[in-house]
Peer 1: 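Take this structure first; my questions come after.
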Amino acid sequence: MSSIPLKNERHVRRLPEPRSEPFYAAIQWTPLRYLQMIIGFILLFPIRLVLVLAIMVPVAVVCKFLSMTLDVDENGLAHHKPWQKRLLRFVMSFGGKAILRCMGFMRPVIKGRQASFKEAPFLMIGPHSSIFDMFAVGPHTTGCIMTLKSNFNYPLIGSIMRAQETVVVDEKQKDGSVADVLQTRLDSQETETPILVFPEGAIHSGRGFIEFQQGTFKYGVPVQPVVIYMSKDPGWTIWSFHHSLLSATVHTLSCLYTPLELHFLPVYNPSESEKANASLYSKNVREYMANYMGLPTSEHSRTDMHLMDTAMKLRLPYWAANVEYGILRDELSLNSQCLKELLKKFASMKHQHDGYLTEEDFSTCLKWPVAEDVNKLFSLCDTQKRGKISFREYAIAYADLLRPYMEDRVFVERSFKFLCQAPDQDGDDQAWVPSCLITADSLATVAGLHPLTDESDAAAVRQCLESHFLCDSSDMKGTLEHFITVVKSNPEVLVLLSFHPSLEKLNKGMF
């Protein structure tokens with residue numbers, strides 16, 4: 001039996017819209033703010049920039065020297081000799097604090113104490129709202145950093161990170177090498193320094209906590225949450241889609257004073273259920289940190305950031321890809337690769353790059369001449385009833401409506417046979433499918449059976465069907481395999497076919 005619903009039972013879930021855009025941070029500009037920025041840029045920025053570089057360059061040179069003398073094991077993990085540790089700690093503590101003050105973080109407030117490695121192997125730091133978080137945490141903690149491999153490409157900063165016992169995360173690598181390094185550190189009797197982790201894995205506005213990555217929570221060991229209070233002005237120190245690294249640096253160095261507080265919270269010891277469930281553990285730690293700071297949480301993740309980046313490359317506004325990935329993944333089983341492909345298709349269907357899909361866009365892209373059918377499909381996808389479809393609505397419609405049709409083999413074969421206009425042979429659906437072929441004559445017959453079309457409309461329907469199923473010049477044209485390939489890339493066509501009254505009657509025995 002097919003799992004496809006009848007026409008009057010088709011339904012697309014209406015999931016709540018995202019409550020926030022965590023990757024957006026706007027600066028509230030006022031005449032006084034402009035005046036302060038101009039004065040700060042003229043008087044403070046040049047002096048601070050020179051001082052920061054005057055300190056950072058020697059620090060980077062020392063770190064470069066240390067990185068050349070380190071012993072590196074087969075896992076790529078650096079091991080320091082006692083003299084190297086002492087030199088590195090002095091350079092990072094003295095140099096880091098000096099750089100922090102030269103940048104305008106004059107009086108950092110430190111509350112609580114850092115736990116030892118035996119008490120908590122991981123320090124969970126958040127919210128991760130600025131690249132300056134590393135400068136804020138580094139001089140006031142003893143530990144190694146867990147960071148993306150791409151961060152090594154930044155001048156000076158890359159050299160500083162290489163000299164430390166940095167745990168490198170390569171997003172392109174799927175072989176579990178990072179897990180091996182972490183497990184080695186946890187099992188080692190000589191390890192003394194906790195690992196500094198920004199569990200959100202992405203820089204955002206800092207007005208809440210986004211989803212924590214679960215990697216470090218899978219080990220079920222205690223963690224110490226560390227929260228950062230930085231500038232209270234939204235966007236002032238943020239590096240996001242609206243603020244580049246350059247603008248964040250200019251804003252920060254031109255500001256007279258940027259407040260900074262670092263709070264070491266009590267060690268979080270996981271329960272037995274949390275040890276067995278990394279997702280539960282990460283969510284509870286996030287809630288603990290959010291409640292302490294009085295901030296909300298959302299199910300956005302670093303995948304949302306990647307989708308927004310893809311949206312801008314496709315000439316869509318970044319907010320078009322604000323989908324709250326955690327919800328779509330958990331509720332609809334949509335992974336990041338699937339969403340990326342859907343975003344590309346969504347962008348290709350649009351005429352105007354305003355972030356929404358209209359019914360006219362839908363009709364033009366699908367080339368389906370029966371307006372009533374297009375309107376039915378569009379109305380099902382338009383769950384918010386705005387007369388236009390966002391990418392999030394399109395993704396939900398794909399999961400709830402398009403994908404079930406596409407993945408139902410019985411329905412796909414039944415639709416194929418309908419387009420072939422092959423006679424039923426005593427209900428034996430499998431015996432004659434391979435020998436069937438979609439032809440121009442069979443499509444003309446299908447088009448003529450539609451009760452909503454006159455002779456001219458029937459010709460338009462036939463041309464549309466031919467453009468989808470007979471445009472390929474390969475030997476597979478018209479076969480079941482070719483039909484399956486077409487509907488996988490265009491599942492909307494399969495749903496539109498299901499509106500055909502003759503096919504609906506043919507399917508009644510299946511439901």
Side-chain angles (χ1 to χ4, degrees), residues 15-30 33 36-37 103-105 108-109 111 123-137 197-213 225-245 247-252 254-255 257-265 282-309 311-312 317-328 355 390 392:
L15 297 179
E17 290 285 282
R19 294 172 295 175
S20 63
E21 294 181 22
F23 302 101
Y24 172 81
I27 296 176
Q28 302 300 320
W29 289 102
T30 63
R33 178 64 60 79
Q36 290 174 338
M37 175 59 67
M103 293 173 66
F105 300 92
V109 177
K111 294 185 178 181
L123 268 61
M124 298 296 172
I125 306 165
H128 193 13
S129 63
S130 171
I131 192 172
F132 304 126
D133 291 345
M134 184 179 67
F135 293 100
V137 175
V197 182
F198 292 94
E200 293 165 303
I203 296 175
H204 56 90
S205 67
R207 292 175 294 189
F209 283 84
I210 64 174
E211 186 180 62
F212 281 8
Q213 304 297 301
V226 182
V227 298
I228 302 176
Y229 292 87
M230 203 170 277
S231 171
K232 295 182 179 179
D233 289 324
W236 202 251
T237 59
I238 305 303
W239 173 22
S240 64
F241 288 101
H242 279 247
H243 307 288
S244 65
L245 175 59
S247 68
T249 302
V250 172
H251 290 161
T252 304
S254 301
C255 186
Y257 168 68
T258 304
L260 170 66
E261 291 187 22
L262 205 62
H263 293 202
F264 292 89
L265 305 188
S282 64
K283 287 182 179 180
N284 288 346
V285 172
R286 183 181 64 159
E287 288 292 334
Y288 175 53
M289 297 172 70
N291 290 338
Y292 180 85
M293 297 187 71
L295 294 176
T297 62
S298 77
E299 299 310 310
H300 293 87
S301 74
R302 62 178 294 108
T303 300
D304 288 273
M305 184 182 69
H306 292 319
L307 287 173
M308 291 177 182
D309 186 55
M312 291 192 295
Y318 82 94
W319 51 259
N322 178 28
V323 298
E324 207 162 8
Y325 173 69
I327 290 180
L328 299 193
S390 67
R392 191 171 191 266

Peer 1: Applying side-chain hydrogen bond (donor to acceptor under 3.5 Å, both in side chains), name anything that partners R286, two or more places apart in sequence or on another chain.
Peer 2: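 With sequence neighbours excluded, R286 shows a side-chain hydrogen bond (donor to acceptor under 3.5 Å, both in side chains) to E299, given in chain and number order.
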Peer 1: Check A320 against G355 and note the closest heavy-atom contact, atom names and distance.
Peer 2: CB-CA, 4.0 Å
Peer 1: Which atoms form the tightest heavy-atom contact between R302 and A202, and what is the distance?
Peer 2: CB-CB, 3.9 Å
Peer 1: What distance separates W319 CH2 from R392 CZ, expressed to the nearest 0.5 Å?
Peer 2: 14.0 Å
Peer 1: Who pairs with D133 by side-chain contact (heavy atoms from CB on, under 4.5 Å), at least two apart in sequence or on another chain?
Peer 2: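 Listed in chain order: H128, S129, S130, F198, I228, M230.
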Peer 1: Applying side-chain hydrogen bond (donor to acceptor under 3.5 Å, both in side chains), can you list everything that pairs with S298, at least two apart in sequence or on another chain?
Peer 2: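 Per chain and number, S298 pairs via side-chain hydrogen bond (donor to acceptor under 3.5 Å, both in side chains) with H300.
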Peer 1: Holding to side-chain contact (heavy atoms from CB on, under 4.5 Å), I want the full list of residues that pass it with M134, two or more places apart in sequence or in another chain.
Peer 2: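 Checked M134 against side-chain contact (heavy atoms from CB on, under 4.5 Å); matches are I145, I157, M161.
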Peer 1: Taking side-chain contact (heavy atoms from CB on, under 4.5 Å) as the definition, give me every residue that meets it alongside E261, ordered by chain and number, with sequence neighbours left out.
Peer 2: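 Counting only residues at least two positions away or on another chain, E261 forms a side-chain contact (heavy atoms from CB on, under 4.5 Å) with V109, K111, Y229, H263.
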Peer 1: Who passes side-chain hydrogen bond (donor to acceptor under 3.5 Å, both in side chains) against S282, sequence neighbours left out?
Peer 2: none
Peer 1: Would you call H204 and D304 a side-chain contact if the rule is heavy atoms closer than 4.5 Å?
Peer 2: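 Not in contact.
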Peer 1: For residues P127 and L295, report the shortest heavy-atom separation together with the two atoms involved.
Peer 2: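 Minimum heavy-atom separation between P127 and L295: CG-CD1, 4.4 Å.
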Peer 1: Looking at M305, is its backbone amide N or carbonyl O close enough to the side chain of D309 to form a donor-acceptor pair, meaning the two atoms are under 3.5 Å apart?
Peer 2: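 It does not hold such a pair.
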Peer 1: How far apart are the closest heavy atoms of A311 and P317, and which atoms are they?
Peer 2: CB-O, 3.9 Å
Peer 1: Check whether any side-chain heavy atom of M308 lies under 4.5 Å from a side-chain heavy atom of N322, and answer yes or no.
Peer 2: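 Yes, side chains in contact.
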Peer 1: I'd like to check the salt bridge (charged side-chain N to carboxylate O under 4.0 Å, His left out) partners of E211; sequence neighbours left out, ordered by chain and number.
Peer 2: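 Checked E211 against salt bridge (charged side-chain N to carboxylate O under 4.0 Å, His left out); matches are R329.
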Peer 1: Which atoms form the tightest heavy-atom contact between M289 and M124, and what is the distance?
Peer 2: CE-O, 3.5 Å
Peer 1: Return the CG to CZ distance between L260 and F132, rounded to the nearest 0.5 Å.
Peer 2: 12.0 Å
Peer 1: Sequence neighbours left out, what passes side-chain contact (heavy atoms from CB on, under 4.5 Å) with A290? Give chain and number order.
Peer 2: F209, T297
Peer 1: Run the numbers on T303 and V323 for side-chain contact (heavy atoms from CB on, under 4.5 Å), then give the verdict.
Peer 2: CA-CA 10 Å; T303 300; V323 298; over 6 Å; no
Peer 1: State the CD-OG distance between E200 and S301, to the nearest 0.5 angstrom.
Peer 2: 10.5 Å
Peer 1: Which residues satisfy the side-chain hydrogen bond (donor to acceptor under 3.5 Å, both in side chains) test with Y288, sequence neighbours excluded?
Peer 2: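 So Y288 forms no side-chain hydrogen bond (donor to acceptor under 3.5 Å, both in side chains) with any residue.
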